[in-house]
Enquirer: 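Okay, here's the structure, questions in a sec.
Keep in mind that the numbers below use all heavy atoms, side chains included, and drop hydrogens, waters and symmetry copies. Just so you know, these numbers come straight off a predicted model, no measurement behind them. Remember, it's 1-based here, ligands and their atoms both numbered in the order they're listed.
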Amino acid sequence: MGIFQPREQIQAMSGYHSPQVDVPIRLNTNESPFPPPQGWVKRLSRVAEEIQWNRYPDRSASELRRIIASRHSVSAENVFVANGSNEVLQTILLTYGGAGRTVATFEPTYQMYAQIARVTGAQVVIGERRADFTLDALEIERVMQRHSPAVSFLCNPNNPTGLVEPRENLETLLENATGIVVADEAYAEFSDWSALDMVTENRALAVTRTFSKTLSMAALRVGYVIAPQWMIADLEIAALPYHLDSFKQGATVAALEYTSEMEERVQLIKNERTRISQSLQSMGVTVWPSGANFILFRPETRDAKDVWNQLLDAGILVRDCSSWARLEGCLRVTVGTEPENSAFLNAMTHILGA
Ligand SMILES: *Cc1c(COP(=O)(O)O)cnc(C)c1O
């Protein structure tokens, strides 16, 4: 094979792509269904005007890090920001993973952990969740003792199952881990606990957050990690110089004035989450309890792929997980606006009744 071919690890991969289909109701990628506050959108042109466009950005993003730090009562030296939390994960894996090292995930979970770990040359070891998708502490101990991973991921609440991870599981992981532990909290605002208060200088724990979900800014691509200062210093070595552009820094600083407005919508999403779960259950659909802004479900009486296609015919796009390992027959729906959710539930009633 010529050297114009990608590396072996890349060739073996199909990538992580949620099909973007042009339909009226998109409930497939767990974004916020609400646009960000108008006040923020209006300010963006001023943010753009004030930038010295011929100059490189503030490389350490100091103002942005300071404001994120104050939001979580930590120091700016505990914060690293990147282009989406996916880039945070990539930077962590470039720093602590890589060739000759092992990365642990507990499946089923967010697919990007294994994907980025492999792209960056590490070997992935898999811990298995129980059939109900909860995680046994003994399995955590087994994976840590057998493989001594350099990086271990725990997604809380877990995507795509929606389950909230018990705090004891993270404690068990931290007690047994030999390397870095990443608690991915992309959906923390919808959940009832966060690991942020567990971050200290003498623990190798990193907690990641994103602007893409609760904060209604998926288009902006901003995510961050709260971690011990020594870890942040390590990540900065691996990151590209000026990886955060000036506009993004300014726009994100401005966005942080509107967080309470955006967090007010969390309760709305939670109420709708309950309504969707109960309706689906009353249709005889298996529903997993969710602490996030999406719901994993399995239509027991019908083929999941058929249901997915019929929803699409009705102009509704959900995530088809039915071909993923351990998720046979499962679909995942993001909680949308009230009318979107009603359209989804009506379509489901129609599909399952037919
Ligand atoms: C959506 C998501 C992310 C990625 O978010 P970005 O900040 O948009 O890159 C990370 N982790 C989990 C579990 C997610 O579901």
Enquirer: What I want to check is whether the side chains of Thr161 and Asn158 have a donor and an acceptor closer together than 3.5 Å.
Expert: yes
Enquirer: State the atoms of ligand 1, each with its element, that fall below the 4.0 Å cut-off from a heavy-atom position in Cys155.
Expert: 13 (C)
Enquirer: State whether Tyr224 and Arg209 meet the cation-pi test: NZ (Lys) or CZ (Arg) under 6.0 Å from the six-membered ring centroid, and within 45° of the perpendicular axis.
Expert: no
Enquirer: Any atoms of ligand 1 less than 4.0 Å from a non-hydrogen atom of Ser212? List them with their elements.
Expert: 6 (P), 7 (O), 8 (O)
Enquirer: I'd like to know if Arg221 contacts ligand 1, where contact means a heavy-atom distance under 4.0 Å to any ligand atom.
Expert: yes
Enquirer: Return the closest protein heavy atom for atom 14 (C) of ligand 1 as residue, atom name and distance.
Expert: Lys213 NZ, 3.1 Å
Enquirer: For ligand 1, which atoms have a heavy atom of Thr210 less than 4.0 angstrom away?
Expert: 5 (O), 6 (P), 7 (O), 8 (O)
Enquirer: Which of these, Gly223, Ala219, Ser85, has its nearest heavy atom closest to atom 4 (C) of ligand 1?
Expert: Ser85
Enquirer: Is the distance from the ring center of Trp288 to that of Phe297 below 6.0 Å?
Expert: no
Enquirer: Is the closest side-chain donor-acceptor distance between Ser216 and Arg265 under 3.5 Å?
Expert: yes
Enquirer: Suppose we measure from atom 12 (C) of ligand 1 to each protein heavy atom; which comes out shortest, and what is that distance?
Expert: Asp184 OD2, 3.4 Å
Enquirer: Is Tyr187 near ligand 1, meaning one of its heavy atoms is under 4.0 Å from it?
Expert: yes
Enquirer: Can you confirm whether or not the ring centre of Phe106 sits under 6.0 Å from the ring centre of Phe153?
Expert: no
Enquirer: Examine the side chains of Tyr56 and Asp245 and answer whether a donor and an acceptor come within less than 3.5 Å of each other.
Expert: no
